[in-house]
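Here is how names work: the chains are called A, B, and so on, in the same order as the sequence lines, proteins then strands, and each is numbered from 1.
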Protein chains: 2
Amino acid sequence: MEPKAPRITDVARLAGVSTATVSRALSKPETVAESTRNTVIAAAEKAGYRVNLSARNLRRQRTGTIVVLVPNLGNPFFSEILAGIETALSKADFNMFVVDTKLVHVKPHLVSEYLHATRADGIIALDGSLPGEVLSAATSGNGAPPIIFACEWSPRGEFSSVRANNARGGELAISHLAGLGHRRIGMISGPKDNVLTLSRSAGVLARLDSLGLAFDPRHLFQGDFSLDAGARAALAWLELTDPPSALFCDSDQMAFGFISELARHGVPVPDEVSVVGFDDIAIASRYIPALTTLHQPRYRLGFSAAEMLLGHIRSTCSLAIETKILEVELIIRNSTSAPKS
Amino acid sequence: MEPKAPRITDVARLAGVSTATVSRALSKPETVAESTRNTVIAAAEKAGYRVNLSARNLRRQRTGTIVVLVPNLGNPFFSEILAGIETALSKADFNMFVVDTKLVHVKPHLVSEYLHATRADGIIALDGSLPGEVLSAATSGNGAPPIIFACEWSPRGEFSSVRANNARGGELAISHLAGLGHRRIGMISGPKDNVLTLSRSAGVLARLDSLGLAFDPRHLFQGDFSLDAGARAALAWLELTDPPSALFCDSDQMAFGFISELARHGVPVPDEVSVVGFDDIAIASRYIPALTTLHQPRYRLGFSAAEMLLGHIRSTCSLAIETKILEVELIIRNSTSAPKS
DNA sequence: CTGAAAGCGCTTACAG
DNA sequence: CTGAAAGCGCTTACAG
């Protein structure tokens, strides 16, 4: 019985025109006479017509899909970026297909599937550490879809990207802590080779240097942005005979892990040690203590990356490599204070 | 110059067979002779062939897409559910298309687009409060794709769903608090008509009743699952002359909002008031105090919903309405203790 | 401004 | 077990 979905021929019959005219009236309204257009639109409405995207995409030789590679869907940091991407894409009539790259690092082959032109018209990567074999597929040029990095980027710089001003974030954190009187400032970093870690560290070190402060390598705790990494850093901090009085963390999550593990050991923040996070995720303002952190414009990061990608898709020739940098903002809350004398 | 992506005809030529045979060898390997199959697979490999999904889907009269309606992409509660859905769907070769329904409540028309059979082979809704007009499109039966609710469900019960045992969650929370000696137990609820709110409240009230404890309506703080709602409840709690000594919250977020706002007013948890959350999101174990809460199997919720949906898609006849209920677990941490005498 | 017709790349009854 | 051929529903040069 199933009344099948109406096709363009149904609308054409109803409107008394050809399918070509229906197609034009609906997707390029300015190319048909106004009266025709109105008739067609009314007929489409009446029939409850929706264009079949598989047919349209097949004909137009595109997929209508943008693949977004997310390092970890379970991390709240990414959700607002996705929201920004989705907004930009849905305006342009593209679907967002989200793929968690935890899979990639296990099965790179699986993901290179998605990077193929038959699957996606473009790619947004939120993960700078995609294996070279995956990326090389994307650079090979033989009809590979354009790729834009957002937040993170590929270390070799062969792709366009939208980033936060990470180095500036490191500088702002150090300025703030030094301004409060801290002299021994440590750091909980992301993975050693991560581009965010590197650029923020560069800002941290530059600012420390300009202030005449030294950085003690024993005060570097290397992590991976996770809650657990922060907790591990706390344990290491507790072992130190002369621990830093302030800490800059490469993510809010690590800051939370650090603070909570110290709390378990009866060491209060900021009384014993000041902590600055990075990201300003939603819970940061409601943590105890409320977290001083660098705010990243996550929604705009996603939105801009999507817009940049759409630009690359629309242009026939391959565009130059673009880098767009968005500013960060220091949000001072209650996890930082002057060191106890 | 662009070397175009290889098509099935390229593989056929390379393998010296017809396109029909290539198609069969690749998607129904058991229907061709082994030697043919091997030749074809080798040729496909050599050519770097990937099936064109638009063409396949057009021919098969399907979309290959499942639409997931998420109330708020920015809420970390949903991310793990999405991960579960994605795992189940990618196994079955479906794409997951995520749509934030914040848009829906503004423009219901926009979303009913997605619920149409030309857009999706099936729908997973994580939002029980979809407007009736949207749902009626989905029930109208004229080729509308099947829909499964996950976590939340539609109050009128006209759709299949996968849920947590919410009532049991309410009971476990009350048993725990009463066991600690609490007699005045309040609640921070979700929206009044929300199905989660209703079923958990039913569990709470049933358990209170069986324990011979009364529920004081002044101790009900109505919220909306957000951090801010929890903070507002804290302000209301502070106004009470005889406030409850323990509180059951319909989300971890509201628990955090409540605890943090109390902290700002110098009221410590659990010393002054015990708090139980719901969800067990990642930060719960690293909050200060670590949050006692009901663990929801979020990944499994998503995975099961996807599997159920795939079942409905595969069966030609329309299946009966199914309801699958997954157990919750009370995780006791540090936000609950005996009331101060 | 409009229509007839080709063709996007597949899959699948049908015939052998 | 395999192939020839039709057709999924569109869009778009091309011709008028």
Return the value, rounded to whole Å, for the distance between atom CG of A:Asn38 and atom P of C:dC1. 13 Å

Just by modelled atom types, is the B:Glu322 backbone N or O under 3.5 Å from a matching donor or acceptor in the B:Ser160 side chain? yes

In whole angstroms, how far is the P atom of C:dC8 from the CZ atom of B:Arg50? 21 Å

The answer to which of A:Thr9 and B:Ala20 contacts DNA chain D further toward the 5' end, by nearest nucleotide, is B:Ala20

Taking the side chain of B:Arg7 as heavy atoms from C-beta outward, which of C:dG9, D:dC10, C:dT11 is closest to it? C:dG9

When you look at CD of B:Glu45, are more than 12 heavy atoms from neighbouring residues, nucleotides or ligands closer to it than 6.0 Å? no

Ignoring backbone atoms, test whether B:Lys28 places a side-chain nitrogen or oxygen under 4.0 Å from the OP1 or OP2 oxygen of C:dT12. yes

The side chain of A:Arg56 is closest to which nucleotide in this list: D:dC10, D:dA5, D:dT12? D:dC10

Given that both distances must come in under 3.5 Å, which nucleotide forms a Watson-Crick or G-U wobble pair with D:dG3? C:dC14

Check the distance between C:dC10's P and A:Arg60's CZ and give it to me in whole angstrom. 20 Å

Name the closest nucleotide to the A:Thr21 side chain, picking from D:dT12, C:dG3, C:dT11. C:dG3

Using the C1' atom in both, what is the distance from D:dG16 to D:dT12, to the nearest Å? 16 Å

Atom P, compared across C:dA6 and C:dT2: separation rounded to whole Å: 23 Å

The side chain of B:Ser18 lies closest to which of these nucleotides: C:dA4, D:dG3, D:dT11? D:dG3

Could you please name the option among C:dC10, C:dG9, C:dG7 that lies closest to any side-chain atom of B:Leu58? C:dG9

Between C:dG9, D:dT12, D:dC10, which nucleotide has the shortest distance from any of its atoms to the side chain of B:Arg59? C:dG9

Rounded interatomic separation in angstrom, taking CD1 from B:Ile8 and P from D:dG3: 12 Å

Taking it one step at a time, do B:Asp121 and B:Thr63 satisfy side-chain hydrogen bond (donor to acceptor under 3.5 Å, both in side chains)? CA-CA 6 Å; B:Asp121 295 329; B:Thr63 68; 3.1 Å; yes

Judged by nearest nucleotide, the residue sitting upstream toward the 5' end of DNA chain D, A:Ser54 or B:Val17, is B:Val17

Closest to the A:Asn52 side chain, choosing from D:dC10, C:dG9, C:dT12: D:dC10

Interatomic distance, B:Arg62 CZ vs C:dG9 P [rounded to whole Å]: 19 Å

Expressed as a whole number of angstroms, how long is the span from A:Asn57:CG to C:dG9:P? 13 Å

So, applying side-chain contact (heavy atoms from CB on, under 4.5 Å) with A:Leu126, which one of A:Leu69, A:Ile81, A:Thr101, A:Leu301 is it? A:Ile81

Donor-acceptor pair under 3.5 Å: do we get one between B:Arg24's side chain and the base of D:dG3? yes

Base, sugar-phosphate alone, or nothing: which one does A:Thr36 contact when heavy atoms must sit under 4.0 Å apart? sugar-phosphate

Closer than 4.0 Å, any side-chain N/O of A:Gln61 to the OP1 or OP2 of C:dG9? yes

Using modelled atom types and a 3.5 Å cut-off, is there a donor and acceptor pairing between side-chain atoms of B:Asn38 and backbone atoms of B:Ser35? no

Result for 5'-nearest mapping on DNA chain C, choosing between B:Tyr49 and A:Gly16, is A:Gly16

Across the strands shown, which category fits B:Ala33 at heavy-atom distances under 4.0 angstrom: base, sugar-phosphate, nothing? sugar-phosphate

D:dC10 P sits how many Å from A:Leu26 CG, rounded? 10 Å

Of the candidate nucleotides D:dT11, C:dC10, C:dT2, which contains the atom at the shortest distance from the side chain of A:Val32? C:dT2

For side-chain contact (heavy atoms from CB on, under 4.5 Å), just list the numbers for B:Val17 and B:Thr36, CA-CA rounded to whole Å, side-chain angles, deciding distance to a tenth of an Å, and then say yes or no. CA-CA 8 Å; B:Val17 296; B:Thr36 319; 4.1 Å; yes

